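Take a look at the structure set out below.
Owing to the predicted nature of the structure, the values given are computational and were not obtained by experimental measurement. Numbers restart at 1 for each chain; the letters A, B, ... are given by sequence-line order, proteins then strands.
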Protein chains: 2
Amino acid sequence: MIVRRTRQLVAVLSAVRAERDHPSAQAIYERVRRDIPTISRGTVYRNLSKLEGERQVRSFRLADGPVLYDGVVNNHDHFVCERCGSITDLEGASATHESHRQLSSAGYLIERQTATYYGLCPDCGAQD
Amino acid sequence: MIVRRTRQLVAVLSAVRAERDHPSAQAIYERVRRDIPTISRGTVYRNLSKLEGERQVRSFRLADGPVLYDGVVNNHDHFVCERCGSITDLEGASATHESHRQLSSAGYLIERQTATYYGLCPDCGAQD
DNA sequence: CTTTCTGCAAACTCTTTGCACTCGT
DNA sequence: ACGAGTGCAAAGAGTTTGCAGAAAG
């Protein structure tokens, strides 16, 4: 099954890449509607799945809330501020994990990983 | 608000601890129903929230599917086999993260973290 | 022209909540 | 007794899907 370059698919990818943030499907839907007001949520979800399958976007879920998408597809971690909700990208994957060593020596094959840190960002931490 | 030790609360905690696995609310509901057939899903969800607030259980979400609960509350990571779906606990948190250092020196306060690895477990990896 | 994709709406999964009643303390 | 907890059922959030028509290659 060949993936067709429809306007909708292109627009969804642009919307994810438009800002270096972590939009939900709903937020992406709202962005795309500025260009294609008739697009449906279903199309947004279907195209996000395709793009994720092609590794053009990544997704992750926090402790609660919807799936979040990321146009930055390299292997990086996230920090979530529990007060203001901001999500910060951490450059560079957590490659020095003790867990990593543990898994490899036990015969596990790691294909991908996601780490999320929760706490207070510098601004919110300073407010106490 | 004082937390009361109801039969339901006790039974939900026992159900999470019954096996060293990672049951969903639905699986916990089914376990508890063996003892208390009249318990409702709503009560299971409410008690799981209370127990998580008291740090008697932990929860996490994978790439998809419902929230999973864990009676092992120390800080540990998980490995998910993408073929058989098994979830393995990794002993010891990933404390040597480069990300950890990065965050601390930038003024972030880390309160908790979760890391999940996806790949193939030894059994499934050997089948190729 | 054929096949994939779209918009729509309904369905689905998981979780939360309002209410009247019950039970722990 | 009184307030926290319960069962029920309805509602809510987020996502998926069947279908008939549209459009990409």
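For the atom pair B/L13 CG and B/R5 CZ, the distance stands at 8.0 Å (nearest 0.5 Å). Distance check, rounded to the nearest 0.5 Å: CG of B/N75 to OG1 of B/T114 gives 9.0 Å.
Using a 4.0 Å cutoff to heavy atoms of chain B, the contacted part of DNA chain C runs 5' to 3' from C/dC14 to C/dT25.
Counting only heavy atoms from C-beta outward, the side chains of B/Y45 and B/T43 never approach each other to under 4.5 Å. A/Q56 has its side chain out of reach of A/V73: every pair of non-hydrogen atoms, C-beta onward, lies at least 4.5 Å apart. Between A/D89 and A/F79, every side-chain heavy-atom pair lies at or beyond the 4.5 Å cut-off. You'll find the side chain of B/H100 reaches within 4.5 Å of the side chain of B/I110, heavy atoms only. Residues B/Q102 and B/Y108 form no side-chain contact, since every pair of their non-hydrogen atoms from C-beta on lies 4.5 Å or further apart.
When every heavy atom of A/V57 is checked against every heavy atom of A/V16, the shortest pair comes out as CG1-CG1, 4.0 Å. Residues A/R31 and A/P23 approach most closely at NH1-CG, 3.9 Å, considering heavy atoms. The two atoms that bring A/I28 and A/A15 nearest to each other are CG2-CB, 4.0 Å, heavy atoms only.
Under the 4.0 Å criterion applied to side-chain N and carboxylate O atoms, B/R58 and B/D77 are not assigned as salt-bridge partners. With respect to A/R112 and A/E52, no salt bridge is recorded, no charged nitrogen being found less than 4.0 Å from a carboxylate O. Checked for salt-bridge contact, B/E111 and A/R83 miss the test: no charged N lies under 4.0 Å from a carboxylate O.
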Donor-acceptor pairs are to be reported for all side-chain atoms of residues 63-70 of chain B against protein atoms at under 3.5 Å, with residues two or more places apart or in another chain.
| from | atom 1 | to | atom 2 | distance (Å) |
| --- | --- | --- | --- | --- |
| B/D70 | OD1 | B/V72 | N | 3.0 |
| B/D70 | OD2 | B/H76 | NE2 | 3.0 |
| B/D70 | OD2 | B/H78 | NE2 | 3.1 |

Do any N or O atoms of the protein come closer than 3.5 Å to N or O atoms of nucleotides 17-19 of chain D, and which pairs are they?
| from | atom 1 | to | atom 2 | distance (Å) |
| --- | --- | --- | --- | --- |
| D/dG18 | O6 | A/R46 | NH1 | 3.3 |

Which protein N or O atoms sit under 3.5 Å from an N or O of nucleotides 23-25 of chain D?
| from | atom 1 | to | atom 2 | distance (Å) |
| --- | --- | --- | --- | --- |
| D/dA24 | N3 | A/R4 | NH1 | 3.1 |
| D/dA24 | N3 | A/R4 | NH2 | 3.3 |
| D/dG25 | OP1 | A/R5 | N | 3.3 |

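Here the P atom of nucleotide D/dG5 and the CG atom of B/L48 are 14 Å apart, to the nearest Å.
Across all strands shown, B/Q26 has no heavy atoms under 4.0 Å from either base or sugar-phosphate atoms. A/T38 comes within 4.0 angstrom of the backbone, heavy atoms only, and of no base.
Under 4.0 angstrom from either OP1 or OP2 of D/dG5 there lies at least one side-chain N or O belonging to B/K50.
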Practice task
Please report the C-alpha distance between A/Q8 and A/V32 in whole Å, then the side-chain angles of each, then the deciding distance to 0.1 Å, and finally whether the side chain to side chain contact (heavy atoms under 4.5 Å, CB included) criterion is met.
Solution key: CA-CA 8 Å; A/Q8 289 87 345; A/V32 174; over 6 Å; no
Completion exercise
Output field dot_bracket for DNA chain C (Watson-Crick or G-U, both distances under 3.5 Å, | for other-strand pairs) contains |||||||||||||||||||||||||
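Near DNA chain D, meaning a heavy atom under 4.0 Å away, the residues from residues 57-69 of chain A are A/P66, A/V67.
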